2 protein chains.
Amino acid sequence: MELTERKKKILRAIVDCYIQTAEPVGSKAIAAMPGMDVSSATIRNEMADLTEMGYLEQPHTSAGRIPSPAGYRLYVNELMEGYRLSIDETQSLNEAMELKLQEFDKVMTQVGKMVSNWTNLPAYAVTSRVGQLPTVKHFEILSAHTGSFILVVMTNTETVKNKLIKLPLNIQEQDLKLLSAVLNASLTDLSAEQITPEILSKIRKSAGAAADLVPIIVDYTVRILQEQQHSDVYLTGQMKLLGQPEYRDVEKAQEVLSTLDEEVIANLPAPTDGPVQILVGPENIAKELKDTSVVMTRFDIGDGMQGMIGVVGPTRMDYAQVTARLSYFAEGLGRMFGKNELPPAKESDGGTE
Amino acid sequence: MELTERKKKILRAIVDCYIQTAEPVGSKAIAAMPGMDVSSATIRNEMADLTEMGYLEQPHTSAGRIPSPAGYRLYVNELMEGYRLSIDETQSLNEAMELKLQEFDKVMTQVGKMVSNWTNLPAYAVTSRVGQLPTVKHFEILSAHTGSFILVVMTNTETVKNKLIKLPLNIQEQDLKLLSAVLNASLTDLSAEQITPEILSKIRKSAGAAADLVPIIVDYTVRILQEQQHSDVYLTGQMKLLGQPEYRDVEKAQEVLSTLDEEVIANLPAPTDGPVQILVGPENIAKELKDTSVVMTRFDIGDGMQGMIGVVGPTRMDYAQVTARLSYFAEGLGRMFGKNELPPAKESDGGTE
DNA sequence: TTTAGCACTCGTCATCCCTGAGTGCTAACT
DNA sequence: AGTTAGCACTCAGGGATGACGAGTGCTAAA
């Protein structure tokens, strides 16, 4: 059977309608829509065909039709009409970005929250490292006040971390200088795995009076490098799912939400190409998510980091709107992180002890 | 009417039972409990008294009784039997603490998650500053590689933050030294509010070649100070509420969860005295939370910081268990943060640009 | 090829009734 | 005086029943 233009038009109308109402849509409703100039009987025939072709499903005999996964797929691939953001929308988002992202740190949490609020669905934000393993580029040791000093570690990923270390023992300025030099000489360009106990003891030997500091510093350094490697996942707005009619049943919501932990998110396939990727229902990894769809996109943070934002919602979600909002958001983030001067980007946090 | 010992015993039995089953408990069930050596009729009489006294309520005529808020209050105040943590419990918690808190930063998020998992309820963790306003104690400027330098700011709260700043303009080592000296001279011991535009322009005048850097640095400094002031709230495990029978209805769950944002949490009264404070139902601030209780406790982070953890759940929650777990947790955290040497405490994060 | 008409299906909703848990009261018992 | 057995009464919950209506598929006419 052939997928005529009219069939496509009807399918689109059905999906559009179902997305709005979340209820099976009947032939009459479609026939009544503006632009449809055939009778309900004709629609019925076409709907029967579409059902046979696998694009529609019938929950039960005397109900209307709902789109099948294949139907959604077809819809997002070629039928969906682009959603145009209104001026208001873009404006309010711009403001929100300016305002919120000023708060240091926790940026990705904020990003997640904003996406979630804007799409009214659970959202996630992921940062991950692309490219080479993180290594140490430079150490710096500053003496603060008596008995304490600040360790500053810079990695090849342009990240700087620091830690305030307090020690009872008294170490002289020149000892710290020596230590700093030894560390720089020994650990530069090594990744976490390459820092072996042997290296540690070698450093310790040459560190002079500050030898006791070495294990502390090295431990800290290894942690930093390890932390750089693994990607961070921020998941927020899970309760937003409860607003969706398909999750009026707590059981259902729980099933999805309990599988939707950070582990699962981290394993979601990254968008391969194109600005936005959509996973429809059963295309998802976990079978518990077979009735949910994921829309995601990536953006560039710079410095070998890459971000990903996405939302999770019922298969019946407003793909056009979500897609538009998500990509606008990602674009804004890219711009924001890309800025080279005083960006409210990833920020430092204090080390306290 | 007098609250005899027997009445108390019965009330306790009723609350205990209701906490377990979440269903109105009848006279028969109480009479059948071990230790009860009177008949159901007697229990009925006593229950009628307790109802009259305001400790019990009757959902409808032919149902059993449920505790009223006053009943809960009495229960937590004097009736509740201490819950003893099993060896297994303490052990698994200890392990979890060791394991999880190694990950820097996000510590409070982790804490929140752990509390939530352990109590199986939504949990929050708050950090707040006690005592004086944060001020800058010391600046340090390190030149990294060409065109970029690292700004390190130390505050009176023993917090160290840094930021990597890249600039197209070329600034000499001695200019940075000068700038650093000027900054230290001008901004030390000022709080965010005290840093006025006048001071800024004064610094700018004396900063020589690095004058253009001044606004950037000052802005960053102010942000840090401001960030130190406000307390951070981490709320997790909201969906845990769905597991509770009283929230099988999505509407109810949504009502609570939507009011339960970080704003509200931040405004919860801090525990005044004693290790654990319990807010029963209507004692809560927001009227939407009238059917939920909050159990919270505080712990010391050190360095003028104070932490608070709490859980939110139905009025019918296992206060004894939650209280025990929460205080054990807080104790552990206090120990952990109190350690003075290489603690997995608040850590630094990288500044990237 | 389209459309009107019509019989048929089946989920939803309101109604009704039954059942059983639980109560309050009274009268007998200790 | 306090306790207990007995009993009538109340009322929420759960199934059964039937009317209703939205929606379908088919047929025959346009």
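Chain letters run A, B, ... following the sequence lines, proteins first, then strands; residues in each count from 1. Every value quoted in this text rests on a predicted model; they were computed, and no experiment measured them.
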| request: Grab the CZ-P distance between A:R44 and C:dT3 for me, whole Å please. | output: 11 Å
| said: What I'd like to find out is whether the side chain of A:E81 reaches to under 4.5 Å of the side chain of A:D16, using heavy atoms alone. | reply: no
| message | What contact category does A:S40 fall into here, base, sugar-phosphate, or nothing, at under 4.0 angstrom with non-hydrogen atoms? | response | nothing
| Just checking, is any N or O donor in the side chain of B:Y83 or B:E89 under 3.5 Å from an acceptor N or O on the other one? | yes
| message | What is the distance, to the nearest angstrom, from the CG atom on A:N45 to the P atom on C:dA4? | response | 13 Å
| Looking at side-chain heavy atoms only, is the closest gap between A:L289 and A:V256 below 4.5 Å? | yes
| query | Along DNA chain D, 5' to 3', what are the outermost nucleotides having an atom less than 4.0 Å from a heavy atom of chain B? | reply | D:dT3 to D:dA12
| Closer to the 5' end of DNA chain D via nearest nucleotide, is it A:A41 or A:P24? | A:P24
| Closest nucleotide among C:dA4, C:dG22, C:dC10 to the A:S62 side chain | C:dC10
| Atom pair distance, as rounded to whole Å: NE2 in B:H60 and C1' in C:dA21 | 9 Å
| Given C:dT2, is OP1 or OP2 found less than 4.0 Å from the side-chain N or O atoms of A:R6? | yes
| A:T61 side chain N/O closer than 4.0 Å to the phosphate oxygens (OP1, OP2) of C:dC10? | yes
| Is there side-chain contact between B:L3 and B:Y55, with at least one heavy-atom pair below 4.5 Å? | yes
| query | Quick one: does A:Y319's side chain get under 4.5 Å of A:M317's, heavy atoms only? | reply | yes
| message | Are the side chains of B:E262 and B:Y124 in contact, using a 4.5 Å heavy-atom criterion? | response | no
| said: Both A:T51 and B:E46 contact DNA chain D. Which one's nearest nucleotide lies toward the 5' end? | reply: B:E46
